[in-house]
Amino acid sequence: MVLVASHGEKDEAENVVDFRGNPVDKAKTGGWLAAGLILGTELSERICAMGISMNLVTYLVGDLHLSSAKSATIVTNFMGTLNLLGLLGGFLADAKLGRYLTVAIFASVTALGVGLLTSATSIPSMRPPQCDDYRRKHHQCIEANGKQLAMLYAALYTIALGGGGIKSNVSGFGSDQFDTSDPKEEKAMIFFFNRFYFAISIGSLFAVIVLVYVQDNVGRGWGYGISAGTMVVAAAILLIGTPWYRFKKPRGSPLTVIWRVLLLAWKKRSHPYPDHPSLLNEYQNAKVPHTEKFKCLDKAAIIEDNAVANENKNNSWIVSTVTEVEEVKMVLKLLPIWATCILFWTVYSQMTTFTVEQATFMNRKIGSFTVPSGSLSAFLFITILLFTSLNEKVFVPLARKITHSIQGMTSLQRVGTGLIFSVIAMIVSAVIEQQRRETSVQKHIQISAFWLVPQYFLVGAGEAFVYVGQLEFFIREGPERMKSMSTGLFLSAISMGMFVSSMLVSIVDKITNKHWLRSNLNKGKLNNFYWLLAVLGLLNFMVFLFVAMKHQYNVQHRVKGDKELENFNDGKV
């Protein structure tokens with residue numbers, strides 16, 4: 001078997017320490033125990049985020065009397081901001097705080113935010129007067145005013161700040177617990193992201209089944225209070241596990257490196273390229289192999305005569321190193337994939353907004369029990385759990401036999417598969433919504449809410465592929481010193497998907513004069529909006545195929561022969 005190891009392994013080993021700052025003892029630190037304790041924080045963050053987002057739209061429409069379009073925008077903006085702030089959390093961790101301290105601080109911020117939300121939804125004066133069915137049907141309910149929404153917004157965006165800091169660092173901190181230069185730990189690392197997402201999907205399932213029920217039938221305050229308590233417990237567990245962690249020291253601001261390389265490349269744009277790349281600054285000592293892609297950036301590493309004369313070769317504001325230039329190239333290589341992943345999360349956001357609204361217009365009874373509309377999202381997470389389990393036990397081993405690759409499916413193949421699922425999901429959603437509306441309007445019959453299961457199933461299957469594939473892609477393909485920021489970049493794709501959803505809702509609402517997206521879905525044409533997303537998704541998939549085929553991976557793992565592949569599966573390699 002031939003393993004092409006990542007660059008700079010020796011340097012990375014020297015950068016890994018225990019909680020006392022000493023070189024790590026691999027027998028006593030890291031591994032699945034440490035990773036499991038760390039993932040508890042993300043599990044709790046997911047319980048908080050999903051417990052809020054999956055049922056918030058019903059509170060905004062039913063209790064605060066906001067329109068469906070406005071409520072959907074509030075939810076998607078909240079989720080978008082939460083993921084966008086992952087860039088801030090990633091920057092702070094890489095530049096100064098380190099991943100461990102960043103996760104601990106932002107977990108406390110999240111607990112504070114959920115506490116505020118508990119108060120905002122429990123205090124009667126924070127809601128407008130109740131509205132009876134007659135006034136609701138005739139759109140005569142009094143909407144929540146600015147003062148009533150202020151505390152809600154403060155709580156939501158405090159949670160978004162804390163969640164962003166957690167999400168951008170937990171996966172990176174967890175992966176730090178495995179040494180990829182060790183074959184056994186490398187094998188564990190391959191399955192880390194899949195098991196990571198399986199674990200947090202368990203948290204999501206708990207949120208949409210238990211917490212949503214508590215919110216609807218016991219009280220919002222109780223539901224959010226449980227979330228706050230969960231986050232406090234997770235933060236405590238994170239701190240208790242400190243002696244078992246492996247820590248990587250922060251290496252300074254990655255944004256400074258990027259800005260400096262781009263600035264120097266622009267300043268030296270008129271300089272001729274050297275006769276050979278070996279003449280670039282620190283070429284022989286580069287920790288990243290030189291590449292020809294984005295060659296214009298090489299000019300940042302050109303050593304000018306005056307720099308040599310004045311011995312300024314070590315001044316990073318006068319000349320960059322080949323390592324710094326290549327790291328910026330690695331970031332730029334991520335951007336085309338980043339852009340084509342955005343629309344999947346626009347589709348996903350419909351599961352937390354309009355799909356939940358659809359359920360309120362459908363028959364949700366099982367005998368005498370009425371299923372909360374937000375709890376139908378359980379089918380989304382059950383599907384995710386199913387596919388992440390099948391991925392490790394079925395899809396990856398099968399793909400290995402076909403591709404003779406340890407990974408089985410590459411990260412981009414996973415993402416592409418998820419994009420296909422999202423297009424099919426929107427087609428199915430459009431057909432079901434048209435049937436639901438026609439049956440309700442023409443026959444005055446509410447069809448079963450379980451007709452929504454196919455679209456939950458398809459989006460859930462898509463997310464199982466896209467989330468794991470994207471997370472693995474951005475962490476493994478990004479520069480080592482920018483691992484947290486790479487995760488933040490991945491989260492920003494989710495964020496942009498939510499913001500694109502809000503933008504599309506606003507544009508469609510304006511162009512159609514509010515005929516497609518109405519609070520009373522029986523008078524709207526939500527199916528047309530789903531068809532629009534299906535067409536956009538298909539076009540986006542075609543662009544993704546083009547950029548994915550041109551992408552060159554930084555690290556490839558290849559096996560030769562079925563015997564070696566069998567040994568790897570059995571843990572002998």
Would you indicate whether the side-chain heavy atoms of [Y] and [X] approach each other to under 4.5 Å?
X: I337; Y: V547; answer: yes
X: F78; Y: I159; answer: yes
X: L264; Y: K299; answer: no
X: I166; Y: M231; answer: yes
X: F381; Y: I202; answer: no
X: L92; Y: L88; answer: yes
X: C341; Y: V466; answer: no
X: F465; Y: S422; answer: no

message = So that I can tick it off, tell me whether D298 and K293 are bridged by a salt bridge, with the cut-off set at under 4.0 angstrom between side-chain N and carboxylate O.
response =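 Here K293 does not pair with D298 in a salt bridge, since their nearest N and O are not under 4.0 Å apart.
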task = Measure centre to centre between the rings of F178 and W32, then say whether the value is under 6.0 Å.
result =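 Distance test on ring centres: under 6.0 Å, yes.
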query = Taking the six-membered ring where the residue is Trp, are the ring centres of F421 and F344 under 6.0 Å apart?
reply =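 No, the ring of F421 stays outside the 6.0 Å limit from the ring of F344, centre to centre.
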key: Stepwise side chain to side chain contact (heavy atoms under 4.5 Å, CB included) check, F247 with R99   = CA-CA 8 Å; F247 302 86; R99 287 185 267 276; over 6 Å; no
request  = Assess whether atom CZ of F546 is packed by more than 12 heavy atoms of other residues, nucleotides or ligands within 6.0 Å.
outcome  =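 Check fails, neighbour count at 12 or below.
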inquiry  = For the CG atom on D275, are there more than 12 heavy atoms of other groups (residues, nucleotides or ligands in this structure) within a distance under 6.0 Å?
reply    =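 Open.
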task = Please say which of D176, L238, V17 ends up in a side-chain contact (heavy atoms from CB on, under 4.5 Å) with Y245.
result = L238
key: By side chain to side chain contact (heavy atoms under 4.5 Å, CB included) - contacts of T81 (at least two apart)   =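 Counting only residues at least two positions away or on another chain, T81 forms a side chain to side chain contact (heavy atoms under 4.5 Å, CB included) with L85, Y157, A160, F499.
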Reported [atom1]-to-[atom2] distance for the pair [X] and [Y], which is rounded to 0.5 angstrom:
X: I105; Y: Y100; atom1: CD1; atom2: OH; result: 10.5 Å
X: I52; Y: M79; atom1: CD1; atom2: CE; result: 9.0 Å
X: N22; Y: T29; atom1: CG; atom2: OG1; result: 11.0 Å
X: R46; Y: L39; atom1: CZ; atom2: CG; result: 12.0 Å
X: S411; Y: R414; atom1: OG; atom2: CZ; result: 8.0 Å
X: S349; Y: L533; atom1: OG; atom2: CG; result: 8.0 Å

message = Below 30° counts as parallel, above 60° as perpendicular, anything between as tilted: where do the rings of F544 and F541 land?
response = parallel
Considering all heavy atoms of both residues, which atom of [X] and which atom of [Y] are nearest to each other, and what is their separation?
X: A461; Y: T383; result: N-CG2, 3.5 Å
X: A235; Y: A107; result: CB-CB, 4.2 Å
X: A49; Y: L82; result: CB-CD1, 4.3 Å
X: W338; Y: M496; result: CZ2-CG, 3.7 Å
X: I47; Y: G203; result: CG1-O, 3.4 Å
X: L239; Y: A104; result: CD2-CB, 4.4 Å

Side chains of [X] and [Y]: do they bring a donor and an acceptor to under 3.5 Å?
X: Q284; Y: S278; value: no
X: Q350; Y: S501; value: yes
X: S502; Y: N77; value: yes

task = Take V325 and V322 through the test side chain to side chain contact (heavy atoms under 4.5 Å, CB included) and record every step on the way to the result.
result = CA-CA 5 Å; V325 170; V322 169; 5.6 Å; no
request  = Could you please spell out the steps behind the side chain to side chain contact (heavy atoms under 4.5 Å, CB included) verdict for T110 and T158?
outcome  = CA-CA 7 Å; T110 302; T158 301; over 6 Å; no
note = Hits for ring pair (Phe, Tyr, Trp, His ring centres under 6.0 Å) against Y348, two or more places apart or cross-chain, chain-then-number order -> W345
key: Side-chain donor or acceptor of E326 paired with backbone N/O of T291 under 3.5 Å   =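 Confirmed, E326 side chain pairs with T291 backbone.
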request  = Answer yes or no: is there a donor N or O on one side and an acceptor on the other, between the side chain of N540 and the main chain of T340, under 3.5 Å?
outcome  = yes
request  = Write out all pairs satisfying side chain to side chain donor-acceptor pair (under 3.5 Å) with one or both partners inside residues 260-271, taking only residues at least two apart or from two chains.
outcome  =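 The answer is R260-S316, R260-E324, H271-E304.
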request  = Decide yes or no on side chain to side chain contact (heavy atoms under 4.5 Å, CB included) for K329 and K295, but give the supporting numbers first.
outcome  = CA-CA 9 Å; K329 289 181 180 180; K295 189 176 180 180; 5.5 Å; no
key: Derivation and outcome, salt bridge (charged side-chain N to carboxylate O under 4.0 Å, His left out), residues K167 and E45   = CA-CA 8 Å; K167 292 173 78 71; E45 186 279 330; 3.7 Å; yes
